[in-house]
Amino acid sequence: MGTPTFRLCLVLICCACSWTEALQEPTVPTQAPAPAHAAAAVPPAPAQWRGRNYRPHHATPTLAPTAAQHSEIKQLMTNLHDRVGILATLDEDQRHRLEVIDKKLDQLLDSNTGRMESLKAQQLNFQQRLDSFEHIQRLTRHTLDELKELSRQTRDVPEQHMDLFYRTESPPTRQGTSINGTELDVASRLDALATFLVSLAYNVKETQQGVAKLLQSTNNIRRRLANRKTQTAQLAQGVPQSVAPVEEHATSCLQSYLAVNGILKLQLTPQSDAFYVPCQDDGWTVVMNRSSDDVSFERSWLDYKEGFGNIAGDFFIGLDKLHALTSSSLHELRIWMQDFENNVAVAGYDSFAISGERELYALSLLGRYQEHLHPPAGDSLSYHAGAKFSTFDSDNDNCLECSCAQRHKAGGWFNACGTSNLMGVHYSKDYQRAGETGIYWDTFQGKDYSLRRIKMLIRPIGQDEARR
């Protein structure tokens, strides 16, 4: 194998070696030996016959190559050897570059596949919401038709019935009542109905959230009762009193009643290892907190895999634990951020999940941006959907000419770099000109401004909410 130039040089080397061997071999005369009788019959020529031009009848051997020829051939061989070495090095370097480009293209293809899956999930969610909107629109149209019918019936009331109604009314009331009984016109009633529907929708949403929490609490109580029954049955069967009671393990911060000082011990399955997480109100689990420069986030792949920091301060929970949490049930994501002027903003996504280490912890699911949250931070994460996680020692960022983790001094789901850098360097000075190495969210204060505090939180979505 190899390039045509490389093969040509090999042919030239072989020819030069053959030429050298031919020059080094002396030429042997090919004259056949004379017969014995002829040698004896022809005596040597007398001395007087030998003149100046006399030459004995035997072949003169060919002279061997001179030292200059040897030196020239050796120099030629050396030059050919050097050129062949250079061509071999260039060929190997070119092959390595082609392999790197193939690897980058494969990674880009996988990233695009992940983003397409995320877009399909968003499209499905949008279609479901569109169906719900059409259903509400049909209900509203039906209500309007009923109101029109009621208004028509009101106008068709016989005048004598209205006179009877007036007789039973007090004078002030009668004066304020129109002849046709339409003091409250249709427009006012429609406005009242619209206000009522908005209020009803808000109350229904709050009720759904309350019901979800109530169901969660009910399930927890049922599990505790089942554990108690098991212990009672064991005691009734004569199990020794020294048997340790069955300990209840939480699976999310929705069971925050088990937390101590905001710290909860989670065990997702009976076979998995337990770990501690900080919890906030309404069942949110904090998976990353940034408030100072005490903990550096310019870390290796192994550090991000296992997690680092102090969960009572600045920390990252670890990619393995984050994958285990988001794969145990469907979660939503919320990012809380604050600048140095104490301005607060929030960004939320209705679904969130990452893949395992085999898929390089890709951001495999990122749902629709929640525009109803206030104050809004804007959407600076959807660009990263489907991207694989990268660190300075593991480059998976779809950038053929750069390393985004080294460029931003952080780990993250970079997609040929991106529009946010939550794991960047924490700047307490010159934060307004920190640049892309700082903690930034492009749609909140821009790329050059490094934020003061950020929190990354996840929460399981209730079954009723997920179904809706």
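Index from 1, following the sequence.
Residues in residues 307-332 take part in these salt bridge (charged side-chain N to carboxylate O under 4.0 Å, His left out) pairs, two or more places apart or across chains: Lys305-Asp320, Glu332-Arg459.
Judged purely by atom type and a 3.5 angstrom limit, Asp448 has no side-chain atom pairing as donor or acceptor with the backbone of Arg433. Remark: the backbone N or O of Gly318 is not paired with any side-chain donor or acceptor of Glu306 at under 3.5 angstrom. With hydrogens and angles disregarded, no donor-acceptor distance shorter than 3.5 Å links the side chain of Tyr276 to the backbone of Ile263. Side-chain atoms of Arg407 do not come within 3.5 Å of backbone N or O of Glu436 as any donor-acceptor pair. Ser390 places a side-chain N or O within 3.5 Å of a backbone atom of Asn396 that can act as its donor or acceptor partner.
By the ring pair (Phe, Tyr, Trp, His ring centres under 6.0 Å) test, Tyr427 pairs with no residue at all, sequence neighbours left out.
Side-chain contact annotation: Ser300 with Thr391, donor-acceptor N/O pair under 3.5 Å absent.
Arg452 contributes atom CZ, which lies 10.5 Å from atom OG of Ser292 (distance to the nearest 0.5 angstrom). To the nearest 0.5 Å, the span separating CD on Gln406 from CG on Asp393 amounts to 9.0 Å. The structure places OG of Ser394 at 9.5 Å from CZ of Phe389, a figure rounded to the nearest 0.5 Å. With rounding to the nearest 0.5 angstrom, the CD1 atom of Ile73 is 11.5 Å from the OG1 atom of Thr78. In this structure, CG on Leu254 lies 9.0 Å from SG on Cys279, to the nearest 0.5 angstrom. To the nearest 0.5 Å, atom CH2 of residue Trp441 and atom OG of residue Ser450 are 14.5 Å apart.
Separation of the Tyr304 and Phe316 ring centroids falls under the 6.0 Å cut-off. Tyr449 and Tyr431 have their aromatic ring centers within a separation under 6.0 angstrom.
Trp413 and Phe352 have perpendicular rings, their planes meeting at more than 60° on a 0 to 90° scale where under 30° would count as parallel.
More than 12 heavy atoms of other residues, nucleotides or ligands shown are found within 6.0 angstrom of CD on Glu341.
No salt bridge links Asp379 with Arg368; every basic N to acidic carboxylate O contact stays at or beyond 4.0 Å.
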